[in-house]
Amino acid sequence: MDPKNKIDQLTDLLHQLNHSYYMNNKSEVSDFEFDMKMKELELLEKEFPQYKRPDSPTSRVGGTITKEFQTVKHKYPMLSLGNTYNEQDLKDFDERVRKVLVSGSELRVESEEKMPQLSIFGQAEKTHNSQLTTHNYEYVCEQKFDGVAISLTYENGILTKAVTRGDGVQGDDVTNNIKTIKSIPLKINSLNLPDEFEVRGEVFLSRHNFEKINKEREDIGEALLANPRNAASGTLKMQDSSVVAKRQLNCFLYSLNGKKLPFNTHSDSLKALTSWGFQVSPTYRICKSIEEVMSYIHLWEKKRFELPLDTDGIVLKVNSFVHQDQLGFTAKTPRWAISFKYKSQSAVTKLNSITYQVGRTGAVTPVANLEPVLLAGTTVKRASLHNANEIERLDIRLGDFVHVEKGGEIIPKITCVELSKRHESLTKIVYLSHCPECGSELIRQEGEANHYCPNEEGCPPQIKGKFEHFIQRKAMNIDGMGSETIEALVTKGMIKDMADIYELNTEKLNQLERFGEKSISNLLKGIETSKEIPFRNVLFALGIRFVGLTTAEKLANHFENIENISKASLEQLLEAPEVGEKIAQSVIQYFSQEENLKIIERLKNAGLQFENEARPAAESNKLEGKSFVVSGVFQNFSREEITDKILANGGKILSGVSGKLDFLVAGENMGPSKLEKATKLGVKIVSEEEFLLML
Ligand code: IVH
């Protein structure tokens, strides 16, 4: 079959399998078979990029690099919404709507004269045959999602363009990044689909994913992302779409535009979007009166915290498109919609002092100590100032009065300084120059937001932080050892490095005050059990900078054991999946220190796991009796993954090329001597693709 047909066939098949899986909860093939089909399509698309379809399911995993995002003009301008903060404003809005809809359309004529370009806005181009009389208008209430606005264009059912709002007239083409969002259909299979239409919505990072990402960043000592909205916006502008895919963005859609669309009301178009497979938040309601709107607002003011993402209010839209046309637009906003913003609870209080906290990696975080103030039912005394840039941005000074807000998030934030209350004697803050814990001079690397204390070995919070990292659940999971125990053990000088933990015994622990027999036996049991923790967690526990749990897992899978990792060159480390320059350098730096090697040796003697467990379960016996050597760099798999596949399918791995060898699986950059030897001995040389076909 020619490559174009094969690509088409695989694309369609994968769409169909995905559809059965997600829509009908039916797996028609095994996960392995599905992955193989995906890999096959990926390989073909790499070889024949001209045949890759815009709806290719391989786009979900990313892999494209966008050096510069193209500017695209919106077909229909992306307007903003008028805001209200109180119920009276909302009643006034309803009055204005009623006046136009009940007593004539003079306002609309006026608006069209002022803003002729707005007549191209989508809604105006829909066909209207509404039976609703102007007297009984209704609203649709929706959440006001706090994310990033996006415009998606579909042509013949296929997503062809995704553009950010930008300045409302033109935005950035972020199509490749948007294609990684699983809830956005790449292709719609529906009868009676309009040839071309545009869908708008809000891209967001769920609170859950936001916290997960920040936890991972905390693990590896990277500065935290400020909030889910900024994180979503930053993610959409990332150059590497495979990194975007990992962030797992999501999207709620809330409007449909296009020529001659067969809907009369906004709620009907939302229903159509849902039936076409778009994710529309089911929280919208049709409200027949402003009183119903008010109860929707009151309901969601509390319930909104149960939603997976932050919202900052509700949006009220007149439902009928005929009515929307009658109402028209002002200069920047529609007259048929408005948003009601929840007042984020705020208060003004005095900044008494700033303290600086030092974390496990030595990163310094400034914290504002405030005059206690009551906010949303709790007393606020402290707020994070993140880093020196934030202090600079706020131009905050000791003794200033500041506005503190508490929105959806639990942690209060300082939004601005009340300049009218500033005393003229207050001077700019000079950022801390030395570590508040150990006195070392702080350093700030270029491009880093945070200052760091470089005294890893001697700075108390860094020492304690490293032990806390080591014993945590995702690492050695040592039951019976909490932060207080660590504090006591460190203070008494009983643990100076990780290996000391495994040399603790009843006699030593008896010296701890308020640490009874039961606690001692629990702790010793916890330490003993931790010796069974798998290698990847042990590797993570070592606390190598930038090596979070995911990276530790990749390294463990790729290199098998600690020896291989410790001896790996920069190039070899870079061959491991998802390992970049920064991580590779950090690993090399870690293993170049004699001290670390000694600790590992002692941990090994104590019985910790420093190599992978047994191989994965068998999949088939297709390769039985056949021997393999795997060499070079592959496009889609690591060497480790190919080796695993060989073993799982009954094959054998040989240590080198010899007359006994059946197959050499050859990737790129393979040593020429190996290739030459294999050719001479008549060993069959297979590419990655050919190997996949063998399976
Ligand atoms: S409708 C003509 N509906 O709010 C107005 N917008 O201030 C079209 N937003 O840029 C927008 N949730 O990013 C609409 N349910 C919702 C929304 C929503 C959030 C954002 C959107 C827009 C901004 C307008």
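Atoms within a ligand are numbered from 1 in the order they appear, just like the ligands themselves. Quantities reported herein were computed from a predicted structural model and do not represent experimental measurements.
- Salt-bridge check for Arg53 with Asp12: passed, with a basic side-chain N closer than 4.0 Å to an acidic carboxylate O.
- Looking at Val315 against ligand 1, only its side chain comes within 4.0 Å, counting heavy atoms.
- Set against the non-hydrogen atoms of Arg165, the atoms of ligand 1 under 4.0 Å away are 10 (O).
- Residue contact annotation: Pro334 has a non-hydrogen atom under 4.0 Å from ligand 1.
- Between Glu196 and Lys75 a salt bridge is recorded (basic side-chain N to carboxylate O distance below 4.0 Å).
- Checked against a 6.0 Å centroid threshold, the rings of Phe204 and Phe252 count as neighbours.
- Taking any N or O of Lys317, backbone or side chain, at least one lies under 3.5 Å from an N or O belonging to ligand 1.
- Neither the backbone nor the side chain of Met78 has a heavy atom within less than 4.0 Å of ligand 1.
- Comment: Glu405 does not engage Lys413 in a salt bridge, judged by the lack of any side-chain N to carboxylate O separation of less than 4.0 angstrom.
- Scanning Tyr254, Tyr284, Phe204 for the heavy atom closest to atom 22 (C) of ligand 1 points to Tyr254.
- No heavy atom of Arg200 sits closer than 4.0 Å to any atom of ligand 1.
- With respect to Lys91 and Asp94, no salt bridge is recorded, no charged nitrogen being found less than 4.0 Å from a carboxylate O.
- Some N or O of Phe145 is nearer than 3.5 Å to an N or O of ligand 1, by distance alone.
- In summary, the atoms of ligand 1 found under 4.0 Å from a heavy atom of Ala149, numbered by their order in the structure, are 10 (O), 13 (O).
- In this view, Lys428 and Asp395 satisfy the salt bridge (charged side-chain N to carboxylate O under 4.0 Å, His left out) rule, not counting sequence neighbours.
- Residues meeting the ring pair (Phe, Tyr, Trp, His ring centres under 6.0 Å) test with Phe197, sequence neighbours left out: Tyr154, Trp276.
- With a heavy-atom cut-off of 4.0 Å, Glu142 touches ligand 1 through its side chain alone.
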